[in-house]
Amino acid sequence: SGALEPFVGGYLLLPRKDSSQKIVGLDELKALASQASSIPVTRVVLSFFSPTLVYEPSSNTLEYTGLNVSSTGDCGFADIKDATKTLQDAGVEVFLSIGGWNYNCY
C-alpha cells in the first residue's frame, strides 16, 4: 500500500558531558542497550559524527570520526558496536547522525 510504518525514535548525544564534565553518552548507550528488549523505542540515532570523519575498513577504531567518547584504544568502537548489535537484535533500528549544530559549516 506504500504506507509508512509508524515508529518511535530518539537520539543519543554520544559526547554528552555531565555536570562534572565527564563524558556520559557512551554509558547512556550501554544502559539503553541493556534494556533493548523492553524500551518503547523503534529507532535510535547516534550523534554526532564529524562530516570529515574517516573510517578505515576493519580498523575497529573511531579515532578519526570526530567522536571523543572513550579513552580506550579503540575510542569506544567495541562498546558502540556491541550496543548497536544488542539494539538491532531487539528490533531497534540504529542510525548514525553526521554533522549537527557544531558542524554547521559543511
D79 side chain reached by K30 side chain, heavy atoms, under 4.5 Å | yes
Main-chain N/O of V92 paired to T42 side chain as donor or acceptor, under 3.5 Å | no
pair K17-K22: side-chain heavy atoms closer than 4.5 Å = no
Can you run down the side-chain hydrogen bond (donor to acceptor under 3.5 Å, both in side chains) pairs that involve residues 2-11, sequence neighbours left out, and say none if there aren't any?
-> none
Residues L67 and P15: closest non-hydrogen pair is CD2-CD, 4.1 Å
Residues two or more places apart in sequence or in another chain: which of them pass salt bridge (Lys or Arg N to Asp or Glu O under 4.0 Å) with D82?
-> none
Step by step, would you call Y64 with L53 a side-chain contact (heavy atoms from CB on, under 4.5 Å)?
-> CA-CA 6 Å; Y64 303 109; L53 76 90; over 6 Å; no
Sequence-distant partners of S58, side-chain hydrogen bond (donor to acceptor under 3.5 Å, both in side chains), two or more places apart | none
Show your working on side-chain contact (heavy atoms from CB on, under 4.5 Å) between L12 and V45 and close with a plain yes or no.
-> CA-CA 6 Å; L12 187 66; V45 179; over 6 Å; no
Does one side chain, of T72 or S70, offer a donor that lies under 3.5 Å from an acceptor on the other?
-> yes
Result of checking D74, L14, T65 against I80 for side-chain contact (heavy atoms from CB on, under 4.5 Å) = L14
Step by step, would you call V41 with L87 a side-chain contact (heavy atoms from CB on, under 4.5 Å)?
-> CA-CA 10 Å; V41 174; L87 288 163; over 6 Å; no
F49 vs Y55, side-chain contact (heavy atoms from CB on, under 4.5 Å): CA-CA, chis, key distance, verdict = CA-CA 11 Å; F49 290 78; Y55 176 74; over 6 Å; no
Tell me, please, which residues at least two apart from K85 pass side-chain hydrogen bond (donor to acceptor under 3.5 Å, both in side chains).
-> D89
Who are the side-chain hydrogen bond (donor to acceptor under 3.5 Å, both in side chains) partners of T84, not counting sequence neighbours?
-> none
For the residue pair A83 and L29, what are the closest heavy atoms and their distance?
-> CB-CG, 3.6 Å
Given a cutoff of under 4.5 Å between side-chain heavy atoms of I, L, V, M, F, W and Y, with clusters grown through shared members, what are the other residues clustered with V24?
-> none
What do the steps show when you test S59 against T61 for side chain to side chain donor-acceptor pair (under 3.5 Å), and what is the final call?
-> CA-CA 5 Å; S59 68; T61 180; 5.7 Å; no
Hey, does F48 have a side-chain heavy atom less than 4.5 Å from the side chain of I98?
-> no
